[in-house]
Amino acid sequence: MLFSSLTFLYVFLPLVIILYFVVPKGWKNSILLLFSLLFYAWGEPKMILLMVAVILCGYIFGLLLGKFPKKWLIALSVAIFLGILGFFKYCDFFIDNFNAVTGLSIPLLRIALPLGISFYTFQVLSYEIDVYRGSVPAQKNIIDFAMFVALFPQLVAGPIVRYSDIASQMKEREHSMERVSAGLKRFIYGLGKKVLISNALGAFVNAFRASTDSSVLFYWLYAAAFTLQIYFDFSGYSDMAIGLGKVFGFDFPENFDYPYLSKSATEFWRRWHKTLGGWFRDYVYIPLGGNRVKPLRHVLNIAVVWFLTGFWHGADWTFILWGLLFAVLLIVEKFWLGKYLNKSKVLSHIYLMFFVVMSFVLFNAEGVSGAIADFAGLFGAGGLPACSAETLYYLRSYLVLFLVSIVAATPLAKNLAKKANGTKVGHAICAVAEPILLIAMLLSVTAYLVDGSFNPFLYFRF
Amino acid sequence: MKKFVKNIGIFAIILVWLLLSVAIWIVPDKAYSDAERRNLAKFPNFSTEFGDDFDGYLQDQFPLREKFRSLKAMSEYYLWGKKDNNGIFVKDGYAAKLVYPYSQADTDNFTGYFSRIYQNHLQNSNVYLSVIPDKGYFYADMKMDYEQAVSDLRAGMPFATYIDIFPTLTRENYYRTDTHWKQETIIDTANTLRKGLGVKTVSQADYSVKLYTEEFSGVYLGQSALPLKKDTIWYIESDMLKNCTVKDVATDKIVSFWTPEAADKDGYNFFLGGSLPLIEITNPAGEEGKELVLFRDSFSSSLGAWMVDGYSKVTLVDMRYMSAQMLGGLVDFDGADVLFIYSTLLTNQNRGLFK
């Protein structure tokens, strides 16, 4: 089930919220678990078996690691979960590449990728490692553990919530009108980002892909549109997840912090998909030695982490190259460019955005050959015209959206609201205007969903 | 009290949310959407596909569905400044479909299909070709290459003499809310065709123009979901037309040039019964043995009346609704004038129709 669906918004969510607040305290986690499993099973009922298997496996290993924190046991546990992820997500990638290298033609397995598998296996992995390290106690209550793994707000698109983030909230958490209010508001803002902005940018991206009258300008507009689309989609989902978490009494970690304001790749990754960056830092980079090693080893550590980060996003060379591009940028910044980037805010911002846009062209390309074709288009190779009638049509048609998206990717509106709230009159205006804006957003989102507008799910490869 | 006032905003949001959530189960389901001219999804049966089916059902049966569709369309046009909404664009109150890009593959399919019909049935006929520009030709911001389309159609059907009707038409010849042209305004087009076919032209004075309805909601009115003004349907009438016999060959029933009984869901079906595969019009005032066969789409439902004069028999063949194998047994082409007349809406998108 998608957050941006009528079924979720007007059937599932009201039902789960009402039941959650009606039942006694001791049943709340069971209700969340039950609805989380229903949420997961809605689109692909068969995959619920895999989810249950991961939960049972994670639970048993957690208990064992709590009692016997042995290296071989954590290694076995990690191998099993990475094995599950590898089998479902990367099997065909490996077969395909093996075939390409050896000339064999081993048939692909064509296994459907279970929704959110990268997110929930990483959550379970972090739990197992934390229990092994003794950072958190093993969870003895299987309902609570299952709820942690399957918790629907963050199940399919993050943020990656670690067990340690919410361990205490599993037993005791605060419920209040203020939290429900803040949570629902955050959810609607996220929903608006996803449906009103990201989906519309997605329609532009689709129009570009279907174009028969392309141009260099169209390629650049596409690159900008996808860069904005993926931000609004991903951060919109994170907002929705964090908002829903708040409604149910959880405090999920923040995942995005206006990443397109960054002035270096290092800063970008402190602002973009923070929970994933944090996960790789704590469970891969630091165990490898982090930066407390010789320079060459340090470079290798960065390369390994970003190779894995890229690979985590999808089973394709484009994702690996995407990760490695950031590895190169981070290494160059760390050992040379970093000191120059502080000298000019404008130039460093241009530098960062250029590479971010290029990276997302790579990210969204259809294979390496598609990426080469896209880069060629961006730089006018093959006699592509600078502009075309179709480009101008879509530019005029999407100009307002582009402008709104660019402004919305900055904290401008947030800062203005904050400033306005600082005065008595401004505060009164905001108190009236915000609910009106939120209702308008909810109704607009509903209108777009009722009309069956373009509503892609970008995380099917994650 | 202070707390209530503080939370009044969130209460309002929750109230709207809950009202819509409850209305889903209270508002009765509809079987058909007049605006979109399609059947709506019913509550699904339980199966492994139930989740997806239910999503589709809810989308179709959502309370205030038409209002929400309008809200979305208005947001697209007036808030986001989009040039089209779901491929429908509106300018000066005229709605049309974006026909873009030009499809060489569909053109090839079209010419290939009708070339086979020519080979099998039309060797002894006088064959003509004409192309009706869709409304967007006159005012779309982004349009296909019509010159190329016509050129390729002509090249693909070299056996047919081309009759150019593009110069006889303007946007005002079409309904504002529908794809089709207005019967009462296309006499110049009809006469251009008639000249091309070598028959005498007709005079407006021989026909009276009568009102059918002022409440015509064309197909784009529903699709655009914008509050457009409805159209008026006028039609032509004459003694010659009244004396003709119009037969729906598929049912062997006598029908008429004017069929209000067929127009309950689509007002344009007032003309010649709407989507009928094979219609024979017998004109007792026509020249003995002079026959015309129109291979046509729905535009000819209103054009037909202008083409009858001078012919003893006019046959309208809509190959979208009949098999090419049946053609020889149903229509006599020997010595007849045969006119292929299709809209660019169809010549540019037909691979699912003509196989």
Side-chain angles (χ1 to χ4, degrees), chain A residues 1-2 5-11 13-15 17-18 38 41-46 177-178 180-182 184-185 188 196 200 203 210-213 389-390 392-394 396-401 404 430-436 438-439 442-454, chain B residues 3 5-18 20-25 48-52 54-60 62-76 79-86 89 98 100-104 140-145 225:
Chain A
M1 196 183 294
L2 303 179
S5 72
L6 293 168
T7 308
F8 180 82
L9 290 177
Y10 291 106
V11 180
L13 191 57
L15 203 60
I17 290 178
I18 290 168
L38 177 65
W42 189 256
E44 39 186 337
K46 282 181 229 160
M177 194 60 214
E178 280 68 32
V180 171
S181 172
L184 287 180
K185 284 177 187 174
I188 296 173
L196 302 178
S211 168
T212 54
D213 183 25
E390 194 176 341
L392 288 178
Y393 177 84
Y394 283 111
R396 281 195 283 262
S397 201
Y398 283 85
L399 187 61
V400 177
L401 178 68
V404 169
C430 286
V432 176
E434 193 185 28
I436 292 171
L438 287 165
I439 289 173
L442 181 64
L443 294 179
S444 292
V445 164
T446 307
Y448 277 75
L449 296 178
V450 165
D451 196 53
S453 302
F454 186 61
Chain B
K3 207 172 178 183
V5 172
K6 194 180 158 198
N7 287 322
I8 199 158
I10 192 67
F11 288 147
I13 294 167
I14 292 172
L15 184 68
V16 171
W17 209 320
L18 279 180
L20 285 169
S21 301
V22 171
I24 288 169
W25 306 107
T48 50
E49 306 293 311
F50 180 81
D52 291 337
F54 185 83
D55 291 341
Y57 158 79
L58 199 55
Q59 205 170 40
D60 270 10
F62 201 80
L64 305 172
R65 176 178 160 74
E66 291 312 318
K67 301 272 181 234
F68 277 116
R69 288 187 62 242
S70 286
L71 174 64
K72 186 247 175 173
M74 287 197 278
S75 304
E76 289 284 274
L79 186 69
W80 294 107
K82 292 271 180 71
K83 295 278 176 191
D84 64 273
N85 176 35
N86 299 337
F89 65 96
L98 209 56
Y100 184 88
Y102 167 56
S103 170
Q104 180 77 57
D141 283 335
M142 183 170 68
K143 45 186 152 184
M144 71 166 182
D145 188 340

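In the text below, chain A, chain B and the rest are named by the order of the sequence lines, each starting its count at 1.
Smallest separation of non-hydrogen atoms from A:Leu9 and B:Trp17: O-NE1, 2.8 Å. B:Gly9 approaches A:Pro435 most closely through the heavy-atom pair CA-CG, 3.4 Å. Listed here is the closest heavy atom pair of A:Ser397 and B:Asp84: OG-N, 4.3 Å. The heavy-atom pair separating A:Gly452 from B:Gln59 by the smallest distance is CA-NE2, 3.1 Å.
The side-chain heavy atoms of B:Lys72 and A:Thr446, taken from C-beta on, include no pair separated by under 4.5 Å. A:Leu443 has its side chain within reach of B:Phe68: a pair of non-hydrogen atoms, C-beta onward, lies under 4.5 Å apart. With a 4.5 Å cut-off on side-chain heavy atoms, A:Thr7 and B:Tyr57 do not count as touching. Looking only at side-chain heavy atoms (C-beta outward), B:Leu18 and A:Ile18 come within less than 4.5 Å of each other. A 4.5 Å side-chain heavy-atom check between A:Lys46 and B:Thr48 finds every atom pair outside the cut-off. Taking the side chain as every heavy atom from C-beta outward, B:Glu76 and A:Tyr448 approach each other to under 4.5 Å. A:Val11 places a side-chain heavy atom less than 4.5 Å from the side chain of B:Leu58.
Your options are B:Asp60, B:Leu20, B:Leu64, and the one with the most heavy-atom pairs under 4.5 Å with chain A is B:Leu20.
In this structure, A:Ser5 OG and B:Asp52 CG are separated by 10.5 Å, a value rounded to the nearest 0.5 Å. Taking NZ of B:Lys83 as the reference point, atom CG of A:Leu392 lies at 10.5 Å (rounded to 0.5 Å).
Heavy atoms closer than 4.5 Å to chain A are found nowhere in B:Tyr102, neither backbone nor side chain. Residue contact with chain B, scored on non-hydrogen atoms closer than 4.5 Å, involves the side chain of A:Thr212 exclusively. Interface residue A:Leu442: only side-chain heavy atoms are found under 4.5 Å from chain B. Heavy atoms of A:Phe8 lying under 4.5 Å from chain B are absent altogether. Using a 4.5 Å cut-off between heavy atoms, A:Ile436 does not touch chain B at all. Residue contact with chain B, scored on non-hydrogen atoms closer than 4.5 Å, involves the side chain of A:Ile188 exclusively. With a 4.5 angstrom heavy-atom cutoff, A:Val432 does not touch chain B via any of its atoms.
For the pair B:Arg69 (side chain) and A:Val450 (backbone), a donor-acceptor distance under 3.5 Å is absent. A donor-acceptor pair is defined here as one N or O able to donate and one able to accept, closer than 3.5 Å; no such pair exists between the side chain of B:Trp80 and the backbone of A:Leu401.
Centroid-to-centroid, the aromatic rings of A:Tyr10 and B:Phe62 come within less than 6.0 Å.
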